[in-house]
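In what follows, a single structure is set out as structure tokens and then discussed.
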Amino acid sequence: MKLRVPSFSILNGKSWKFTHDTLFQIFLGVISIISVIVLAALLLRELIKGSWPALSTFGLEFLFSTAWNPVTGEFGALPFIYGTIVSSMLALLIGVPLSLGIAVYLTEIASSRVRAILSPVVELLAAIPSVIIGLWGIFVLAPFVREHLAPPLMNYLGFLPLFKGPAYGYSVLTAGLVLAIMIIPIISSVSREAILAVPSLQKEGALALGATRFETIISVVLPYAKGAIFGAVMLGLGRAIGETMAVTMVIGNNPQIFTSLLHPGYTMAAVIANEFTEATDDVYLAALIEIGLVLFAISMVVNIIARVITWKYLKLEEGLS
Amino acid sequence: MNMLSRKAMDRLFTFFCIASTALAIIPLGSMLYTIFVKGFSVISIDFLTKLPTPAREAGGGFGNAIQGSFIVVGIASIIGIPLGIGAGMYLAEFPNSRLSRIVSFTADVLTGVPSIITGIFAYLLIVLRFGGFSALAGGVALATMMIPFIVRTTEEAMKLVPAELREASLALGAPRWKTSLAVVLSTARFGIITGVLLTIARIAGETAPLLFTAFNNRFWFDGVMNPVATLPVMIYTYAISPFEDWHAQAWGSALVLVAMILVLNIGIKLAAGRRW
């Protein structure tokens with residue numbers, strides 16, 4: 001039973017009295033307007049204003065040009081957009097199956113004691129700062145990729161343009177791996193919630209019909225949870241697109257488009273991190289800010305889709321990203 | 001399919017799930033192991049309290065970066081905590097107003113803003129206007145990241161307070177504002193503090209927002225309008241430098257940073273007795 005609390009809301013009260021309660025609501029309302037709405041509006045305004053010199057000079061061509069030459073004043077964002085998309089997709093390709101495996105293992109397979117130990121461990125990965133993952137990437141992962149991962153890929157799959165040598169340690173592949181590591185905690189934890197939300201009657205039904213655990217999960221659990229899992233994947237994608245430090249430290253920072261994943265690349269976030277303080281003239285700086293604006297727009301779209309989906313399926317309201 | 005291959009499929013799948021979990025834990029283990037092994041030998045009293053020295057010169061430390069990190073995170077907290085808690089209270093207390101829905105959606109959208117963007121924002125807003133990199137700009141960048149998370153955790157913590165408590169207070173004739181502050185907020189305070197501390201643990205390791213706001217400094221903190229060294233930026237600068245001894249120091253400070261963040265994180269989670 002829900003008790004009706006007398007409402008003093010100034011927004012829907014017909015004949016309102018000016019009470020302390022009204023004052024309280026106005027006070028909190030003003031704080032929330034300042035801290036959230038003004039902040040968001042200011043963010044958008046500054047980004048648009050800051051990138052205006054580049055927006056007005058290059059127009060839409062900015063997004064499709066591959067030229068990036070600060071000395072001659074040529075600026076095109078395509079190599080960075082390409083690098084962001086390829087490294088994020090690679091991260092999803094590696095990270096999503098692993099995250100689903102983890103989610104299934106921790107909900108359906110592991111004993112409760114194993115679960116109690118392993119779930120916080122997987123989540124601990126999310127607490128490691130990005131610059132530390134980058135540091136590890138430089139000195140542990142990049143040499144590993146160069147010496148142990150790239151050679152077999154080149155040997156067996158070298159006929160594909162994706163795995164053409166020579167292999168560099170600092171590469172799109174390394175960035176994809178680092179991003180996969182970073183998105184696993186969020187995708188696996190939201191997927192776990194999704195799998196837990198599957199009614200046990202459904203699962204028991206399948207098991208009672210003689211399905212194995214694998215068949216139950218493939219034919220009952222995953223179809224039921226697929227909406228929320230898609231939301232989880234979008235959350236992971238949003239995070240991968242915006243990730244800056246770890247990627248900057250391992251991707252090699254080369255503003256050229258290579259088909260090979262073993263070659264260095266560049267992402268939108270990385271070019272901003274690397275070149276912002278070096279940007280001496282106004283157009284250069286504005287071009288970097290415009291890349292920021294594009295990055296902002298892309299990650300907002302991805303995140304809004306992710307929020308709407310996870311809200312719809314899971315009613316998740318905690319800060320998840 | 002016959003029973004045998006179905007069973008085999010099931011085994012294979014179980015193996016895949018276990019292997020995925022192992023594959024996710026291996027990098028974490030490798031990170032923590034490398035940080036500990038390479039970082040531990042570097043750490044000393046001097047390292048924690050002295051100023052950095054030029055490359056290839058022995059001694060020196062990260063004292064100023066540790067100090068700077070506390071200052072920048074402190075500035076962010078002073079700006080972000082009151083604003084975030086206020087907005088979170090509004091969402092929890094007046095959930096049905098139109099403003100609430102707009103604020104709630106916007107806060108969610110803001111949690112997805114890439115960290116580097118908050119750096120650009122603080123650069124344009126503070127650095128350009130006040131003519132230089134500053135601790136204040138770094139604090140503003142981190143506060144921008146902080147606010148949406150605090151809004152969310154405050155709202156959640158306050159919504160966990162049983163409605164009966166609120167109703168009892170209103171039934172006793174207490175006005176709504178007093179009920180909100182003395183009953184709901186004070187019951188939820190543990191949850192709110194937990195959320196705030198976890199948010200601090202999260203932003204303390206952020207590097208991207210500080211690169212061109214707080215920038216870097218090889219000396220001690222010198223006022224909020226001057227550039228300041230921070231642990232994450234120092235780790236980044238040292239990690240990408242060509243000097244062996246700087247790499248070693250990067251590992252040392254990585255150990256300091258990770259230890260602080262993990263202690264904060266695990267401590268809070270143990271104290272709260274539940275996952276947040």
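We name chains A, B, ... by the order of the sequence lines, and we start the count at 1 in each one. These figures come from a predicted structure and were not determined experimentally.
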(message) To check you understand the geometry: which heavy-atom pair defines the closest contact between P27(B) and W136(A), and what is its length?
(response)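 Closest approach of P27(B) to W136(A), heavy atoms only: CB-CH2, 3.8 Å.
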
(request) For residues P82(B) and I31(A), report the shortest heavy-atom separation together with the two atoms involved. (result)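 Shortest heavy-atom contact: O-CG2, 4.4 Å.
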
Examine whether an atom of [X] lies under 4.5 Å from a heavy atom of chain A, and if so say whether it belongs to the side chain, the backbone or both; otherwise answer neither.
X	answer
L91(B)	neither
Y238(B)	neither
L262(B)	side chain
I116(B)	both
T144(B)	both
I25(B)	side chain
L128(B)	neither
S30(B)	both
L211(B)	both
L110(B)	side chain
L264(B)	neither
I85(B)	neither
I147(B)	side chain
A163(B)	neither

Residue [X] versus chain B: region with a heavy atom under 4.5 Å:
X	result
L100(A)	neither
L285(A)	side chain
V121(A)	both
I272(A)	both
L118(A)	side chain
I132(A)	side chain

(request) Report the C-alpha distance between D108(B) and I304(A) in whole Å, list the side-chain angles of each, state the deciding distance to 0.1 Å, and finish with yes or no for side-chain contact (heavy atoms from CB on, under 4.5 Å). (result) CA-CA 8 Å; D108(B) 261 348; I304(A) 289 172; over 6 Å; no

(message) For V109(B), is there any backbone N or O sitting under 3.5 Å from a side-chain donor or acceptor partner on N303(A)?
(response)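 No, the answer is negative, given that no donor and acceptor are paired below the 3.5 Å cut-off.
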
(message) Treating D10(B) as the side-chain partner and F214(A) as the backbone partner, does any N or O pair qualify as donor plus acceptor under 3.5 Å?
(response)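 Side chain of D10(B) to backbone of F214(A): a pair is present.
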
(message) Nearest 0.5 angstrom please: F276(A) CZ to I120(B) CD1, how far?
(response)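 F276(A) CZ to I120(B) CD1: 5.0 Å, rounded to 0.5 Å.
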
